[in-house]
Student: 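Got a structure for you, written out below as structure tokens; questions coming shortly.
Order of the sequence lines fixes the chain letters, A, B, ..., with proteins taken first and strands second; residue numbering starts at 1 for each chain.
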Number of protein chains: 2
Amino acid sequence: MKKPTLDTLAAQVGVSRQTISNVLNKPEKVSPQTRQRVLAAIEAAGYRPSNAARALRTQRTHTLAMRLSNAGDGINGAVMDGFLHALVTAAGLRGYRITLFTAADDSAELDIIREFRDSKAIDGVILTDTHAGDQRPNAIHDLRLPVVAFGRPWDREGEHDWVDVDGAAGVAQATRRLLDDGHTPVGFIGWPDDTGVGADRYAGWARATGYSADQQRRYSTRQLDSPVAGGEAMAKLLDEGVTAVVCASDSLAIGAFGRLRDKGVAGHVVGFDDTPVARMIGLSSLRQPVHEVAKHVVETLLGRISDPEGEPRHILLPPTLQARTVASTS
Amino acid sequence: MKKPTLDTLAAQVGVSRQTISNVLNKPEKVSPQTRQRVLAAIEAAGYRPSNAARALRTQRTHTLAMRLSNAGDGINGAVMDGFLHALVTAAGLRGYRITLFTAADDSAELDIIREFRDSKAIDGVILTDTHAGDQRPNAIHDLRLPVVAFGRPWDREGEHDWVDVDGAAGVAQATRRLLDDGHTPVGFIGWPDDTGVGADRYAGWARATGYSADQQRRYSTRQLDSPVAGGEAMAKLLDEGVTAVVCASDSLAIGAFGRLRDKGVAGHVVGFDDTPVARMIGLSSLRQPVHEVAKHVVETLLGRISDPEGEPRHILLPPTLQARTVASTS
DNA sequence: TTGTAAGCGTTATCAT
DNA sequence: ATGATAACGCTTACAA
């Protein structure tokens, strides 16, 4: 009835415990016949190696840590939700587990990561919500702890690994789509953000439209991230003759969308992140390929764990446009 | 530069490694003076006990496992999102970590849990999304693995620990609130669910209104969980003279809310779960106290870990009504 | 109060 | 191809 161990199993089969360990870790070093015998015994006894013992011996925990970003304003959380699910699945496929932690700010996050490292609790770290001036990647790198970020470093070039979504490419794609559909001019509603995600998305619109500096000013606005702000922005752009816009977020897009409907204007709004809300109200939106991101994050991190000194990897993935039939005139 | 261990520290301080271990685990067994000396050395060296070694010795991992439920239809996911965050925080405060896994169905979940148990990877399990006929609690109990469920067992009485939200009480509260505000009759839009969550919420409405069986039929409907269905249900109830409704979900409520607005009727809709969408459009909703639930889940589970044979604990917490000023006529 | 010894369950190294 | 031996770093007796 008690848990079998290497020793008890070895006694039963009549081999040394080392042989059993070899069957599990280096099957080629053991003869096919005894391998069969051992495997059968393992199966019969339901034997599984002890995690703790293995970790103590190998100095590998097969565990990765990630901070659960500050809970649910929810609207953006949808992306992280999908990412987390994909991440856990991808890691699980490679025999790794994800343990979570929460932290009030970046410095608290670093404290926790340092403690994890010192107590040898994890093999690597996944970073999210990177921002300009982010100290974390370098700090963790200095701890000699493998790390990969979901998100580019927005100031200097990163000497650490990262995977990110190419917001500019996504916005450009959506913008071209609207132009091809005959909408003109195509506007943009973004954030007052000069360095990070917001600037990146704005750049995609500017590139795709090829508008002059003057046109860019007329056909775009920068707002705080809320539906109300999105609605006001849409009102302003309507005055400029803009009926089709790409937005930096679903939150803004929802407001713009509502304003269009209220005014009875036939236009088109594209949001960003393809949140549940967007799906629910039939809003077109740019979907981040969280599944792909998660796979690359895991592969990159495991690669870094097995080769701490290798060249840094940077991966940029395009979002995909979820085009929906929008009943913009109710 | 290398990681300090008990031995290296002991050598530095000039005591046996045992003394250091005692300082950490049974401080009262060591003299105040040497304790100070040791603590200073620990601080200076940045020493932390190795997780793996400690786990191997004590047979406790300080790790709890939870399945990340199948990703994001999103609308409901908001509750789980908040719960997960609160859970990780509550567990962290007690020195426990949460590791996640994903599974296609209940039986796959059990397989993974079994493997965790066999490899001594976890101390306990948190179960969510319990449903009628749920095999998991008993199965895990049979594995002699501490388990607590977020969600009642909906068929038989549970001999396992659980924490749940009292949906009936919440709906009753919201219903009384609408009645007090002068709305009459107050309707209910729920799910075709005879045994579980849906029936529970329905019961709260029936209790608070005191309607006859006939009235209950006229003033309530049961729909699949979608905004469209909610809108259709609202249309039907409007014909019966119902302008105020409580809904079993925000999803239904959003549809009902939209229908009210489209018809230009001044009424009131209350949803369930207080999702981001509800907050965004100004919809009143019943909020599950996920923070409290998480705290109780952790306390209960840790209690069960330290006392496997104790009496089963059942905790029921009321949701709170988030009343919002609804501009139901645009 | 402090030190000594044993063992938790593995895997790596070295012999056979 | 297989087996014996020695860690991995800690905690819980028990002895001094």
Side-chain angles (χ1 to χ4, degrees), chain A residues 2-39 41-42 45-63 95 115-123 306, chain B residues 2-39 41-42 45-63 95 115-123 306:
Chain A
K2 349 194 64 179
K3 315 270 170 68
T5 115
L6 233 35
D7 275 319
T8 68
L9 244 200
Q12 280 179 36
V13 185
V15 297
S16 89
R17 73 166 168 234
Q18 186 49 30
T19 303
I20 301 189
S21 173
N22 281 338
V23 168
L24 259 27
N25 300 309
K26 324 208 156 147
E28 75 281 2
K29 306 211 86 179
V30 65
S31 81
Q33 354 177 13
T34 51
R35 190 189 325 170
Q36 284 312 321
R37 216 149 47 93
V38 168
L39 282 175
I42 287 177
Y47 167 78
R48 298 272 173 251
S50 150
N51 242 268
R54 187 172 259 186
L56 177 57
R57 182 62 237 231
T58 62
Q59 305 289 36
R60 289 242 123 77
T61 60
H62 287 247
T63 297
E115 181 148 342
F116 278 169
R117 202 263 327 230
D118 290 345
S119 60
K120 293 188 172 51
I122 58 174
D123 292 345
S306 58
Chain B
K2 348 195 64 178
K3 315 269 171 70
T5 111
L6 272 189
D7 276 319
T8 68
L9 245 201
Q12 279 178 36
V13 185
V15 298
S16 89
R17 75 163 169 238
Q18 187 44 33
T19 304
I20 302 189
S21 174
N22 280 338
V23 168
L24 260 28
N25 300 310
K26 325 207 154 144
E28 74 281 2
K29 306 210 87 181
V30 66
S31 82
Q33 353 176 14
T34 51
R35 191 190 324 171
Q36 283 312 320
R37 216 150 46 93
V38 168
L39 282 174
I42 287 176
Y47 168 77
R48 298 271 175 251
S50 149
N51 242 271
R54 186 173 260 185
L56 178 57
R57 182 62 236 231
T58 63
Q59 305 288 35
R60 290 243 119 83
T61 59
H62 287 249
T63 298
E115 181 148 343
F116 278 168
R117 203 262 329 229
D118 290 345
S119 60
K120 293 187 172 51
I122 58 174
D123 292 344
S306 57

Student: Side-chain contact, heavy-atom cut-off 4.5 Å: Leu24(A) with Tyr47(A)?
Tutor: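 Side-chain contact under 4.5 Å: yes.
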Student: Rounded off to whole Å, could you give me the CD-to-P distance for the Gln33(A) and dT2(D) pair?
Tutor: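 My rounded result for the distance is 7 Å.
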Student: Between dT2(D), dC10(D), dT2(C), which nucleotide gets closest to the side-chain atoms of Ser31(B)?
Tutor: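 Nearest listed nucleotide: dT2(C).
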Student: Between Arg35(A) and Val30(A) (side chain of the first, backbone of the second, donor and acceptor by atom type, cut-off under 3.5 Å), is there such a pair?
Tutor: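 It does hold such a pair.
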Student: What's the CZ-C1' distance between Arg60(A) and dT10(C), to the nearest Å?
Tutor: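 Rounding to the nearest Å, CZ of Arg60(A) and C1' of dT10(C) are 16 Å apart.
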Student: Rounded to whole angstrom units, what separation is found between the NZ atom of Lys3(B) and the P atom of dG9(D)?
Tutor: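 These atoms are roughly 10 Å apart.
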Student: What closest approach, in Å, do Gly95(A) and His62(A) show between heavy atoms, and which atom pair accounts for it?
Tutor: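 Taking Gly95(A) first and His62(A) second, the nearest heavy atoms are O-ND1, 3.3 Å.
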Student: Under 3.5 Å, side chain of Arg37(B) to main-chain N/O of Val13(B), donor-acceptor pair present?
Tutor: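 Here the side-chain-to-backbone pair exists.
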Student: Do side-chain atoms of Thr8(B) reach the backbone of Pro4(B) as a donor and acceptor pair under 3.5 angstrom?
Tutor: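 No.
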Student: Could you check whether Arg48(A) gets within reach of a base, just the sugar-phosphate, or nothing at all, counting any heavy atom under 4.0 Å?
Tutor: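 Sugar-phosphate contact only.
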Student: Which heavy atom in Ala52(B) sits nearest to a heavy atom in Ala55(A), and how many Å separate them?
Tutor: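 Shortest heavy-atom contact: CB-CB, 3.7 Å.
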Student: Measure the distance from NZ on Lys120(A) to C1' on dC8(D) and round it to the nearest whole Å.
Tutor: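 Value for this atom pair: 10 Å.
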Student: Measure the distance from CG on Asp7(B) to C1' on dC10(D) and round it to the nearest whole Å.
Tutor: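 From Asp7(B) CG to dC10(D) C1': 9 Å.
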Student: Calculate the interatomic distance between Gln59(B) atom CD and dG7(C) atom P; express it in whole Å.
Tutor: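 To the nearest whole Å, that distance equals 15 Å.
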Student: Please tell me if the side chains of Asp118(B) and Glu115(B) come closer than 4.5 Å, counting only heavy atoms from C-beta onward.
Tutor: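 No, too far: nothing below the 4.5 Å cut-off.
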Student: Taking only the side-chain nitrogens and oxygens of Thr19(B), find out if one of them lies under 4.0 Å from OP1 or OP2 of dT2(C).
Tutor: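 For dT2(C), neither OP1 nor OP2 has a side-chain N or O of Thr19(B) closer than 4.0 Å.
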Student: Side-chain contact test, heavy atoms from C-beta onward, threshold under 4.5 Å: evaluate it for Ser50(A) versus Thr5(A) and give yes or no.
Tutor: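 Contact flag for Ser50(A)/Thr5(A) side chains = no.
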Student: Is Thr5(B) near enough to dC8(D) that one of its side-chain N or O atoms lies under 4.0 angstrom from OP1 or OP2?
Tutor: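 Indeed not, no polar side-chain atom of Thr5(B) lies that close.
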Student: At under 4.0 Å, does any side-chain N or O of Ser16(A) touch on OP1 or OP2 of dG3(D)?
Tutor: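 For Ser16(A), the contact criterion (side-chain N or O under 4.0 Å from OP1 or OP2 of dG3(D)) is met.
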Student: If a protein heavy atom is under 4.0 Å from the base, mark B; if only from the sugar-phosphate, S; if neither, -; do that for nucleotides 11-16 of chain D going 5' to 3'.
Tutor: BBB---
Student: Compute the bend angle of the helix from dT1(C)-dA16(D) to dT16(C)-dA1(D) from the end axes (five pairs per end), rounded to 10°.
Tutor: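 End-to-end axis angle for the helix from dT1(C)-dA16(D) to dT16(C)-dA1(D): 40°, rounded to 10°.
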Student: With nearest nucleotides of DNA chain C determined for Leu56(A) and Val30(B) from heavy-atom distances, which residue corresponds to the more 5′ nucleotide?
Tutor: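 Whichever sits nearer the 5' end wins; that is Val30(B).
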Student: Rounded to whole Å, how long is the line connecting atom CD1 of Ile20(B) with atom C1' of dT4(C)?
Tutor: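 In whole Å, dT4(C) C1' and Ile20(B) CD1 are 15 Å from each other.
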Student: Would the distance check show the side chain of Asn51(A) and the main-chain N or O of Lys120(B) forming a donor-acceptor pair, the cut-off being under 3.5 Å?
Tutor: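 A pair under 3.5 Å: no.
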